[in-house]
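To start, the structure itself, in C-alpha coordinates.
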Amino acid sequence: MVTRDELLGPVDAVAPALLGCWVVTDRPEGTVAVRLTEVEAYSGDGTDPAAHSHRGPTPRAAVMFGPPGRLYVYFSYGVHWCANVVVGPEGAGSAVLLRAGEVVVGEELARARRPSARAARDLARGPARLTQALGIGPDDRNADLLDATSPVRLHTGDPAAPVESGPRVGISVATELPWRFWESGAPSVSAFRPGGRPRSRPAREDRPRE
DNA sequence: CGCCAGATGCGCT
DNA sequence: GCGCATCTGGCGA
(Lines give C-alpha, C1' and ligand atoms only; values in the text may rest on other atoms or scores of the structure.)
Protein backbone atom coordinates (compact mmCIF):
# COMPACT_ATOMS: atom_id res chain seq x y z
CA MET A 1 0.00 0.00 0.00
CA VAL A 2 1.05 3.57 -0.59
CA THR A 3 1.48 5.38 2.71
CA ARG A 4 0.10 8.76 3.67
CA ASP A 5 3.60 10.21 4.06
CA GLU A 6 4.42 9.46 0.42
CA LEU A 7 1.56 11.74 -0.66
CA LEU A 8 2.40 14.78 1.46
CA GLY A 9 4.94 16.51 -0.82
CA PRO A 10 4.25 19.07 -3.56
CA VAL A 11 1.81 17.69 -6.09
CA ASP A 12 4.28 18.03 -8.98
CA ALA A 13 6.71 15.86 -7.02
CA VAL A 14 4.17 13.31 -5.84
CA ALA A 15 2.55 12.86 -9.27
CA PRO A 16 5.58 11.30 -11.03
CA ALA A 17 6.17 9.11 -7.97
CA LEU A 18 2.78 7.49 -8.57
CA LEU A 19 3.88 6.12 -11.96
CA GLY A 20 4.23 2.37 -11.70
CA CYS A 21 1.86 2.16 -8.75
CA TRP A 22 -1.16 -0.10 -9.02
CA VAL A 23 -4.77 0.97 -8.67
CA VAL A 24 -6.80 -2.06 -7.58
CA THR A 25 -10.57 -2.47 -7.46
CA ASP A 26 -12.25 -5.43 -5.77
CA ARG A 27 -15.83 -5.95 -6.86
CA PRO A 28 -18.30 -8.80 -6.57
CA GLU A 29 -17.61 -9.64 -10.22
CA GLY A 30 -13.85 -9.71 -9.79
CA THR A 31 -10.62 -7.81 -9.32
CA VAL A 32 -8.94 -5.48 -11.80
CA ALA A 33 -5.55 -3.81 -11.31
CA VAL A 34 -4.03 -1.09 -13.46
CA ARG A 35 -0.37 -0.09 -13.40
CA LEU A 36 -0.19 3.69 -13.83
CA THR A 37 1.73 4.96 -16.85
CA GLU A 38 0.44 8.54 -17.14
CA VAL A 39 -0.72 11.11 -14.59
CA GLU A 40 -1.25 14.86 -14.28
CA ALA A 41 -0.74 17.20 -11.32
CA TYR A 42 -3.34 19.80 -10.32
CA SER A 43 -2.40 22.20 -7.55
CA GLY A 44 -4.68 23.90 -5.08
CA ASP A 45 -2.08 26.50 -4.11
CA GLY A 46 -3.91 29.19 -6.07
CA THR A 47 -1.46 29.31 -8.96
CA ASP A 48 -3.16 26.64 -11.06
CA PRO A 49 -6.31 27.92 -12.78
CA ALA A 50 -6.87 24.53 -14.41
CA ALA A 51 -7.45 22.82 -11.05
CA HIS A 52 -11.05 22.16 -10.05
CA SER A 53 -10.08 23.45 -6.61
CA HIS A 54 -9.05 26.83 -8.02
CA ARG A 55 -12.33 28.46 -7.00
CA GLY A 56 -12.21 27.10 -3.50
CA PRO A 57 -13.95 24.15 -1.81
CA THR A 58 -17.11 24.18 -3.90
CA PRO A 59 -19.40 21.16 -3.53
CA ARG A 60 -17.72 19.40 -6.43
CA ALA A 61 -14.14 20.14 -5.38
CA ALA A 62 -14.58 19.63 -1.64
CA VAL A 63 -12.99 16.17 -1.72
CA MET A 64 -9.79 17.74 -3.12
CA PHE A 65 -9.43 19.67 0.14
CA GLY A 66 -9.81 16.55 2.25
CA PRO A 67 -7.13 14.20 3.55
CA PRO A 68 -4.53 12.73 1.16
CA GLY A 69 -5.13 9.32 -0.30
CA ARG A 70 -8.82 9.83 -0.98
CA LEU A 71 -10.35 9.38 -4.42
CA TYR A 72 -11.66 12.53 -6.11
CA VAL A 73 -14.14 11.42 -8.77
CA TYR A 74 -15.77 13.90 -11.13
CA PHE A 75 -18.22 13.74 -14.02
CA SER A 76 -16.82 14.97 -17.32
CA TYR A 77 -18.52 16.15 -20.50
CA GLY A 78 -21.84 14.77 -19.35
CA VAL A 79 -20.65 11.27 -20.15
CA HIS A 80 -17.51 10.14 -18.36
CA TRP A 81 -16.15 9.65 -14.86
CA CYS A 82 -12.52 10.53 -14.12
CA ALA A 83 -10.51 9.81 -10.97
CA ASN A 84 -7.81 11.61 -8.99
CA VAL A 85 -5.73 10.83 -5.93
CA VAL A 86 -5.87 13.65 -3.37
CA VAL A 87 -2.33 14.62 -2.32
CA GLY A 88 -0.67 17.06 0.04
CA PRO A 89 -1.77 17.96 3.54
CA GLU A 90 -5.48 18.20 4.27
CA GLY A 91 -6.72 21.57 3.02
CA ALA A 92 -4.16 21.84 0.20
CA GLY A 93 -6.68 21.18 -2.55
CA SER A 94 -4.21 19.29 -4.76
CA ALA A 95 -4.77 16.06 -6.66
CA VAL A 96 -3.25 13.80 -9.29
CA LEU A 97 -5.42 12.85 -12.26
CA LEU A 98 -5.06 9.21 -13.26
CA ARG A 99 -4.71 9.50 -17.01
CA ALA A 100 -3.68 6.07 -18.22
CA GLY A 101 -2.36 2.68 -17.24
CA GLU A 102 -1.94 -0.92 -18.24
CA VAL A 103 -4.29 -3.63 -17.03
CA VAL A 104 -2.16 -6.14 -15.12
CA VAL A 105 -4.91 -8.10 -13.33
CA GLY A 106 -8.39 -8.98 -14.55
CA GLU A 107 -8.05 -8.26 -18.24
CA GLU A 108 -11.11 -10.34 -19.05
CA LEU A 109 -13.29 -8.28 -16.71
CA ALA A 110 -11.77 -5.03 -17.99
CA ARG A 111 -12.60 -6.07 -21.54
CA ALA A 112 -16.18 -6.83 -20.55
CA ARG A 113 -16.44 -3.31 -19.13
CA ARG A 114 -14.87 -1.77 -22.24
CA PRO A 115 -16.21 -3.76 -25.19
CA SER A 116 -15.17 -1.08 -27.66
CA ALA A 117 -11.46 -1.51 -26.83
CA ARG A 118 -9.66 -3.58 -29.39
CA ALA A 119 -5.99 -3.61 -28.39
CA ALA A 120 -5.12 -4.38 -24.77
CA ARG A 121 -3.29 -1.08 -24.48
CA ASP A 122 -6.56 0.76 -25.12
CA LEU A 123 -8.29 -0.73 -22.07
CA ALA A 124 -7.09 2.01 -19.70
CA ARG A 125 -5.64 4.54 -22.14
CA GLY A 126 -7.23 7.84 -21.15
CA PRO A 127 -8.73 9.01 -17.84
CA ALA A 128 -12.32 7.96 -18.56
CA ARG A 129 -11.26 4.66 -20.05
CA LEU A 130 -9.16 3.93 -16.98
CA THR A 131 -12.12 4.43 -14.64
CA GLN A 132 -14.29 2.28 -16.88
CA ALA A 133 -11.79 -0.56 -16.90
CA LEU A 134 -11.58 -0.41 -13.11
CA GLY A 135 -15.32 0.00 -12.62
CA ILE A 136 -14.83 3.29 -10.77
CA GLY A 137 -17.85 5.57 -10.59
CA PRO A 138 -19.80 7.96 -8.37
CA ASP A 139 -20.09 5.38 -5.59
CA ASP A 140 -16.30 5.60 -5.13
CA ARG A 141 -16.23 9.31 -4.38
CA ASN A 142 -13.96 9.97 -1.40
CA ALA A 143 -12.92 6.30 -1.15
CA ASP A 144 -9.85 5.76 1.04
CA LEU A 145 -7.16 4.38 -1.26
CA LEU A 146 -4.77 3.81 1.65
CA ASP A 147 -7.07 1.47 3.58
CA ALA A 148 -6.21 -2.18 2.95
CA THR A 149 -9.88 -3.12 3.42
CA SER A 150 -11.14 -0.59 0.88
CA PRO A 151 -12.54 -1.91 -2.42
CA VAL A 152 -10.42 0.70 -4.24
CA ARG A 153 -6.77 0.85 -3.26
CA LEU A 154 -3.39 2.23 -4.29
CA HIS A 155 -0.40 -0.11 -4.11
CA THR A 156 3.24 0.90 -4.37
CA GLY A 157 5.18 0.25 -7.54
CA ASP A 158 7.98 1.63 -9.64
CA PRO A 159 8.00 2.86 -13.22
CA ALA A 160 9.38 0.40 -15.77
CA ALA A 161 11.12 3.16 -17.72
CA PRO A 162 12.37 6.71 -17.23
CA VAL A 163 9.73 9.33 -16.47
CA GLU A 164 9.08 12.13 -18.95
CA SER A 165 7.03 15.27 -18.50
CA GLY A 166 5.21 17.80 -20.66
CA PRO A 167 2.10 19.95 -20.93
CA ARG A 168 -1.19 18.71 -19.55
CA VAL A 169 -3.83 17.45 -21.93
CA GLY A 170 -7.29 18.77 -22.68
CA ILE A 171 -7.06 22.06 -20.80
CA SER A 172 -7.09 25.59 -22.18
CA VAL A 173 -5.33 27.48 -19.35
CA ALA A 174 -1.92 27.11 -17.71
CA THR A 175 -0.82 24.95 -20.62
CA GLU A 176 2.78 26.02 -20.02
CA LEU A 177 3.10 23.98 -16.84
CA PRO A 178 4.83 20.65 -17.60
CA TRP A 179 2.67 18.80 -15.11
CA ARG A 180 1.83 15.75 -17.16
CA PHE A 181 4.09 12.83 -16.37
CA TRP A 182 4.37 9.56 -18.19
CA GLU A 183 6.49 6.47 -18.38
CA SER A 184 8.80 6.77 -21.36
CA GLY A 185 7.66 4.59 -24.23
CA ALA A 186 4.52 3.28 -22.53
CA PRO A 187 2.05 2.19 -25.22
CA SER A 188 -0.90 3.25 -23.08
CA VAL A 189 0.00 6.94 -22.91
CA SER A 190 -2.70 9.29 -24.20
CA ALA A 191 -2.41 10.24 -27.84
CA PHE A 192 -4.40 13.43 -27.36
CA ARG A 193 -2.95 16.79 -28.24
CA PRO A 194 -1.83 19.15 -25.50
CA GLY A 195 -4.37 21.89 -25.09
CA GLY A 196 -7.20 19.79 -26.45
CA ARG A 197 -9.01 20.10 -29.71
CA PRO A 198 -9.50 23.72 -30.68
CA ARG A 199 -13.08 24.75 -30.18
CA SER A 200 -14.72 24.89 -33.55
CA ARG A 201 -16.97 27.74 -34.50
CA PRO A 202 -19.91 27.55 -36.86
CA ALA A 203 -18.34 27.41 -40.28
CA ARG A 204 -21.25 29.03 -42.03
CA GLU A 205 -24.17 31.17 -40.91
CA ASP A 206 -26.20 30.26 -43.97
CA ARG A 207 -26.03 26.55 -43.45
CA PRO A 208 -29.31 25.01 -44.64
CA ARG A 209 -31.38 23.58 -41.81
CA GLU A 210 -33.96 20.88 -41.69
C1' DC B 1 -4.20 6.27 -41.10
C1' DG B 2 -5.91 11.40 -39.51
C1' DC B 3 -9.36 14.83 -38.76
C1' DC B 4 -13.93 16.09 -37.29
C1' DA B 5 -18.15 16.81 -34.59
C1' DG B 6 -21.76 15.02 -31.62
C1' DA B 7 -23.12 13.26 -27.26
C1' DT B 8 -24.73 14.82 -22.76
C1' DG B 9 -25.18 16.80 -17.94
C1' DC B 10 -23.21 19.40 -14.38
C1' DG B 11 -20.82 23.50 -12.22
C1' DC B 12 -20.33 28.04 -12.09
C1' DT B 13 -21.01 33.09 -14.08
C1' DG C 1 -26.18 29.76 -20.91
C1' DC C 2 -21.42 28.50 -21.65
C1' DG C 3 -17.64 25.69 -21.09
C1' DC C 4 -15.73 21.50 -19.84
C1' DA C 5 -9.05 17.56 -16.84
C1' DT C 6 -13.35 13.04 -22.98
C1' DC C 7 -14.49 9.26 -26.14
C1' DT C 8 -16.22 7.29 -30.20
C1' DG C 9 -17.58 6.44 -34.85
C1' DG C 10 -17.77 8.27 -39.38
C1' DC C 11 -15.69 9.99 -43.28
C1' DG C 12 -12.02 11.14 -46.65
C1' DA C 13 -7.24 10.44 -48.39
Side-chain angles (χ1 to χ4, degrees), chain A residues 11-12 14-16 18-19 23 34 36-65 70-88 93-101 103 110-111 113-141 165-182 187-205 207-210:
Chain A
V11 64
D12 54 322
V14 173
L18 293 182
L19 294 173
V23 181
V34 164
L36 295 175
T37 58
E38 184 187 9
V39 298
E40 280 176 357
Y42 287 88
S43 175
D45 68 1
T47 67
D48 182 8
H52 288 170
S53 55
H54 188 242
R55 286 170 177 79
T58 61
R60 177 175 69 159
V63 172
M64 287 183 75
F65 291 88
R70 299 299 184 88
L71 196 68
Y72 167 50
V73 180
Y74 72 93
F75 194 49
S76 176
Y77 288 89
V79 185
H80 305 293
W81 295 95
C82 298
N84 298 246
V85 179
V86 176
V87 310
S94 296
V96 176
L97 172 66
L98 309 179
R99 279 207 64 90
V103 174
R111 282 189 177 278
R113 288 170 174 158
R114 297 212 63 247
S116 68
R118 301 187 159 265
R121 68 167 181 271
D122 291 332
L123 286 171
R125 182 190 194 212
R129 294 166 168 179
L130 181 145
T131 60
Q132 276 182 51
L134 286 166
I136 288 174
D139 292 345
D140 300 302
R141 283 179 287 208
S165 65
R168 292 177 291 185
V169 171
I171 58 172
S172 54
V173 292
T175 53
E176 74 284 357
L177 292 174
W179 280 3
R180 174 183 172 226
F181 303 92
W182 65 92
S188 53
V189 169
S190 299
F192 306 122
R193 299 238 175 89
R197 174 165 53 86
R199 210 161 309 289
S200 60
R201 311 210 156 189
R204 282 170 281 175
E205 292 292 331
R207 189 175 183 282
R209 288 182 299 115
E210 205 39 46

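Because the structure is a prediction, the values reported are computed rather than measured. A, B, ... follow the sequence lines: proteins, then strands. Residue 1 opens every chain.
- In this structure, A:D45 has no salt bridge (Lys or Arg N to Asp or Glu O under 4.0 Å) partners at least two apart in sequence or on a different chain.
- Taking atom CG of A:D122 as the reference point, atom C1' of C:dC7 lies 11 Å away to the nearest angstrom.
- Contact annotation for A:R118: no contact, since no heavy-atom pair falls under 4.0 Å across all strands.
- Minimum atom distance to the side chain of A:S172 is reached by C:dC4, of the listed C:dC7, C:dC4, C:dA5.
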Taking only Watson-Crick and G-U wobble pairs with both distances under 3.5 Å, what dot-bracket line describes DNA chain C, where [ ] shows pairs that cross earlier ones and | shows pairs with another strand? ||||.|||||||.
Using atom names, set out every protein N or O paired with an N or O of nucleotides 9-13 of chain B below 3.5 Å, distance rounded to 0.1 Å.
from   : atom 1 : to    : atom 2 : distance (Å)
B:dC12 : OP1    : A:T58 : OG1    : 2.4
B:dT13 : OP1    : A:R55 : NE     : 3.4

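- When distances run from any side-chain atom of A:H80 to the nucleotides C:dT8, C:dA5, C:dT6, the shortest one goes to C:dT6.
- Taking atom NE2 of A:H54 as the reference point, atom P of C:dG3 lies 18 Å away to the nearest angstrom.
- Taking only side-chain nitrogens and oxygens, A:R99 comes nearer than 4.0 Å to OP1 or OP2 of C:dT6.
- Distance check, rounded to the nearest 0.5 Å: CG of A:L123 to CZ of A:R113 gives 11.5 Å.
- Between the CG atom in A:L98 and the OG1 atom in A:T37 there is a gap of 10.5 Å [rounded to 0.5 Å].
- The NE2 atom of A:H52 sits 4.0 Å away from the CZ atom of A:R60 when rounded to the nearest 0.5 Å.
- Taking the six-membered ring for Trp, A:W81 and A:Y74 have ring centres at least 6.0 Å apart.
- For A:H54, the side-chain hydrogen bond (donor to acceptor under 3.5 Å, both in side chains) criterion is met by no residue, not counting sequence neighbours.
- Scored by the salt bridge (Lys or Arg N to Asp or Glu O under 4.0 Å) test, A:D12 finds no partners at all (sequence neighbours excluded).
- The backbone N or O of A:R114 sits nowhere less than 3.5 Å from a side-chain atom of A:R129 that would complete a donor-acceptor pair.
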Output one line per pair: protein atom, nucleotide atom from nucleotides 9-12 of chain C, and distance, for all N/O pairs under 3.5 Å.
none

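- Of the possible donor and acceptor atoms, none in the side chain of A:E40 sits under 3.5 Å from a partner among the backbone N and O of A:R99.
- Judged purely by atom type and a 3.5 angstrom limit, A:D48 uses its side chain to pair as donor or acceptor with the backbone of A:A50.
- Heavy atoms only, all atoms of each residue included: A:A41 and A:F181 are closest at CB-CE1, 4.3 Å.
- The distance between atom CG of A:L97 and atom C1' of C:dT6, rounded to the nearest whole Å, is 11 Å.
- Look at the P atom in both B:dC3 and C:dA5: the space between them is 22 Å, to the nearest Å.
- In this entry the distance linking CH2 of A:W81 with P of C:dA5 reads 15 Å, nearest Å.
- At a threshold of 4.0 angstrom between heavy atoms, the contacts of A:A50 include nucleobase atoms, whether or not backbone atoms are also involved.
- If you check C:dT8, C:dA5, C:dT6 against the side chain of A:R129, the one that comes closest is C:dT8.
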